[in-house]
Protein chains: 2
Amino acid sequence: MSLNQVDRQILALLQQDASLSTAEIADKVGLSQSPCWRRIAKLEQDGYIKGKVALLDEKQLGFDMLVYAHVKLSNHGRNNLSEFEKLIMSYDEVTECYTMAGTMDFMLRIISRGIEGYEQFVRDNLLNLEYVQEVHSNVTMTCVKRTTALPI
Amino acid sequence: MSLNQVDRQILALLQQDASLSTAEIADKVGLSQSPCWRRIAKLEQDGYIKGKVALLDEKQLGFDMLVYAHVKLSNHGRNNLSEFEKLIMSYDEVTECYTMAGTMDFMLRIISRGIEGYEQFVRDNLLNLEYVQEVHSNVTMTCVKRTTALPI
DNA sequence: AGTGAAACACACACCGT
DNA sequence: ACGGTGTGTGTTTCACT
């Protein structure tokens, strides 16, 4: 983590808006284009920037249902851990999945179209696995905040 | 939602990698540059694309602690709802915040550097509010999956 | 709605400091 | 390491089909 102030500024700008041109960033951080471009290239090369993505509007695309589900596996299900994780990764509706400290649970962030979409997903992709013991759904109501930006 | 197959393909590509050039996308969806560019411009204009952002590497920047915290407000705290939400939005460590169905709780996704960073954040920014009754922390261990892409 | 070309801006490399 | 300048490549517009 040998990042100076300028590098942090650049990262802060790019994680808010990756469509900024090198010239615009250079201007904002008080550099000229060439050195600014070199810094950005190095930040990418060193792995600080994992990638650039477009963020889509969930609501407008019909995804009005966001649920955090806790999934508990049965005892003998622990032999199927890596199989379960591979499955999870293949489900597009699961946008995030973590194992939690203290329990043997998985927490899944699941996005779907309506309650019907969610129920169907859980039935077809989670409850149908014999080693899934329990699924507890935490349904979100309103989104107060959501950002991909880190507090740098 | 009057999106045809090509538009969906374009969105799917862009939400995976926003650094693709118009020509590359045009190639992949079987269009030439101009009409492809027009479609992308329209998708942005119509609000399907909320923005383009750079995703940074949490670990490399020292953010090794990811916690989902449930925050319960006291009864009279409900008069301070909007004040609380404004505060939440101003905290960079809180990357997401939702209200949950069934309870009066807020769920916060908090990213920080180490357990110390987390504890300090909770003490200084949540527990110091008189109307915050309870904070229950769910600490994540390993990340099985994380994506910003929607299942289109 | 798709094609082709032209104007423009930007990304990237090579210079000097 | 920063700054200036140039060249190719991508973006954006326009005229045509």
Side-chain angles (χ1 to χ4, degrees), chain A residues 1-63 113 147-152, chain B residues 1-63 113 147-152:
Chain A
M1 254 221 300
S2 61
L3 288 186
N4 61 35
Q5 205 51 48
V6 179
D7 288 320
R8 277 173 206 283
Q9 267 185 278
I10 292 174
L11 289 178
L13 287 168
L14 281 176
Q15 75 174 343
Q16 296 289 350
D17 184 0
S19 61
L20 289 168
S21 71
T22 318
E24 286 170 309
I25 297 171
D27 187 44
K28 284 176 199 283
V29 302
L31 243 61
S32 51
Q33 297 195 21
S34 303
C36 185
W37 181 85
R38 277 193 294 256
R39 274 167 188 270
I40 295 172
K42 184 146 181 36
L43 287 169
E44 281 179 351
Q45 209 174 10
D46 293 351
Y48 289 103
I49 298 173
K50 280 196 294 191
K52 297 177 182 180
V53 299
L55 300 179
L56 308 186
D57 192 302
E58 296 97 341
K59 294 277 151 52
Q60 198 158 341
L61 288 160
F63 298 101
R113 298 190 216 251
T147 180
T148 55
L150 300 177
I152 43 176
Chain B
M1 254 219 300
S2 60
L3 287 187
N4 61 35
Q5 206 51 47
V6 179
D7 288 320
R8 276 172 206 285
Q9 268 185 276
I10 292 174
L11 289 178
L13 287 168
L14 280 176
Q15 75 175 341
Q16 295 290 349
D17 185 1
S19 61
L20 288 168
S21 73
T22 318
E24 286 170 309
I25 296 171
D27 187 45
K28 283 175 198 283
V29 302
L31 246 60
S32 49
Q33 295 196 21
S34 301
C36 185
W37 182 85
R38 276 196 293 255
R39 273 167 189 270
I40 296 172
K42 184 145 181 35
L43 287 169
E44 283 179 350
Q45 209 173 11
D46 292 351
Y48 289 103
I49 298 173
K50 280 195 295 189
K52 297 177 182 179
V53 298
L55 300 178
L56 307 186
D57 192 302
E58 295 97 341
K59 295 278 150 51
Q60 198 160 340
L61 288 160
F63 298 101
R113 300 190 216 251
T147 179
T148 55
L150 299 178
I152 44 176

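Protein chains get the first letters and strands the later ones, always in sequence-line order, with residue 1 at the start of each.
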Separation between CD of Q60(B) and CG of L43(A), rounded to the nearest 0.5 Å: 9.5 Å

Separation of atom CH2 in W37(A) from atom P in dG4(D), rounded to whole Å: 18 Å

Atom-pair distance (CD1 on I40(A); P on dC12(C)), nearest Å: 10 Å

Interatomic distance where CG belongs to N4(A) and C1' belongs to dA1(D) [whole Å]: 11 Å

Q33(B) CD - dA9(C) P separation (whole Å): 18 Å

Between dC10(C) (C1') and L20(A) (CG): distance, integer Å: 13 Å

Residue closer to the 5' end of DNA chain D, T22(B) versus R39(A) (nearest nucleotide): R39(A)

K50(A) atom NZ, neighbour heavy-atom count above 12 within 6.0 Å: yes

I10(A) CD1 - dA11(C) P separation (whole Å): 13 Å

Watson-Crick or G-U stems involving DNA chain C, each at least 3 pairs long, distances under 3.5 Å, ordered by first number: C:1-6 with D:12-17, C:9-17 with D:1-9

Length of the line joining E24(A):CD and dT11(D):C1', which is rounded to integer Å: 14 Å

base_contact_polar (dG2(C) base, R38(B) side chain, donor-acceptor, <3.5 Å): yes

Side chain to side chain contact (heavy atoms under 4.5 Å, CB included) assessment of L11(A) paired with L61(B): CA-CA 11 Å; L11(A) 289 178; L61(B) 288 160; 4.2 Å; yes

From L55(B) atom CG to L55(A) atom CG, the distance as rounded to the nearest 0.5 Å: 7.5 Å

Phosphate OP1/OP2 of dG4(D) contacted by S34(A) side-chain N/O (<4.0 Å): no

Rounded distance in Å - NZ (K42(B)) to P (dT13(D)): 15 Å

Minimum-distance nucleotide to L31(B) side chain [options: dC2(D), dA11(C), dG2(C)]: dG2(C)

R39(A): which of N4(A), V29(A), I25(A) passes side-chain contact (heavy atoms from CB on, under 4.5 Å): N4(A)

Under 4.0 angstrom between S32(B) side-chain N/O and dG2(C) OP1 or OP2: no

